[in-house]
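Counting from 1, the numbers follow the sequence of the chain as shown. These numbers come from a predicted model, not from an experiment.
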Amino acid sequence: MESAEEVQVRYGEEQDYADVEAIMQQVQKLHTQWRPDIYKDVVPVLSFDTYMDFLKENQVIVAWADGKVVGLLIYITRNISGGPMRERKVLFVDSMAVDEAYRGKGIGHRLFAFARQICTEQGYDGFELQVNAKNQAARAMYEKYGFTEKSINMELLQ
């Protein structure tokens with residue numbers, strides 16, 4: 001693959017599962033290296049049944065190149081209301097990952113552009129995600145796309 005132009009971005013399909021799970025394994029490996037106190041090695045990271053549940057709601061977006069899935073974005077809808085909060089419908093990125101062999105080629109940006117179009121078409125008020133504090137490469141990519149800090153999660157280790 002030479003460039004992001006050769007990548008097709010579309011909604012996920014059932015036959016994409018094996019490629020999606022392989023990419024999720026790559027990300028899980030990073031998480032377990034950074035935070036073995038929180039993450040553990042598991043197979044699968046994303047069960048087939050959970051993947052199918054996301055598919056039924058059209059919440060899986062994949063990037064396709066070279067005959068396989070090379071990136072994915074899975075999202076959920078968060079409806080926020082009540083108390084002092086304004087009522088909002090937020091597209092929240094549950095998982096976003098690009099195959100390690102395809103990183104740095106604009107695939108993440110293409111996935112975000114597709115999700116952003118969903119936000120526009122379906123009347124979302126926000127587009128949000130969380131990033132592991134140790135994942136500096138992902139954070140830099142998100143910031144390059146235009147994401148800004150909303151809040152910071154903190155912990156006190158026991």
Is any side-chain heavy atom of Leu72 closer than 4.5 Å to a side-chain heavy atom of Met24?
-> yes
Connected to Ile152, directly or through other members, by ILVMFWY side-chain contacts below 4.5 Å are Met154
Please identify each residue that fulfils salt bridge (Lys or Arg N to Asp or Glu O under 4.0 Å) with Glu121, with sequence neighbours left out.
-> none
Ring centroid separation for Tyr75 and Phe127, is it under 6.0 angstrom?
-> no
Roughly how far, to the nearest 0.5 Å, is CZ of Arg78 from CD1 of Ile76?
-> 4.5 Å
Please indicate whether Arg116 has more than 12 foreign heavy atoms, meaning atoms of other residues, nucleotides or ligands, lying under 6.0 Å from its CZ.
-> no
Sequence-distant partners of Asp16, salt bridge (Lys or Arg N to Asp or Glu O under 4.0 Å), two or more places apart | Arg10
Could you check whether the rings of Tyr11 and Phe114 sit parallel, tilted or perpendicular, using 30° and 60° as the cut-offs?
-> perpendicular
Quick one: list whatever passes salt bridge (Lys or Arg N to Asp or Glu O under 4.0 Å) with Glu143, sequence neighbours left out.
-> Arg139
Answer yes or no: are there more than 12 heavy-atom neighbours, outside Asp41 itself, under 6.0 Å from its atom CG?
-> no
Which heavy atom in Gly12 sits nearest to a heavy atom in Leu55, and how many Å separate them?
-> O-CD2, 3.3 Å
Above 12 or not: heavy atoms from other molecules or residues under 6.0 Å from CD of Glu14?
-> no
What ring pair (Phe, Tyr, Trp, His ring centres under 6.0 Å) pairs are there with at least one residue in residues 48-68, not counting sequence neighbours?
-> Tyr17-Phe48, Tyr17-Tyr51
Could you tabulate the donor-acceptor pairs under 3.5 Å formed by side-chain atoms of residues 85-94, not counting sequence neighbours?
from, atom 1, to, atom 2, distance (Å)
Arg88, NH1, Glu128, OE2, 3.4
Lys89, NZ, Gln122, O, 2.9

Criterion side chain to side chain contact (heavy atoms under 4.5 Å, CB included) against His31, the qualifying member of Gln33, Lys29, Gln28, Arg35 | Gln28
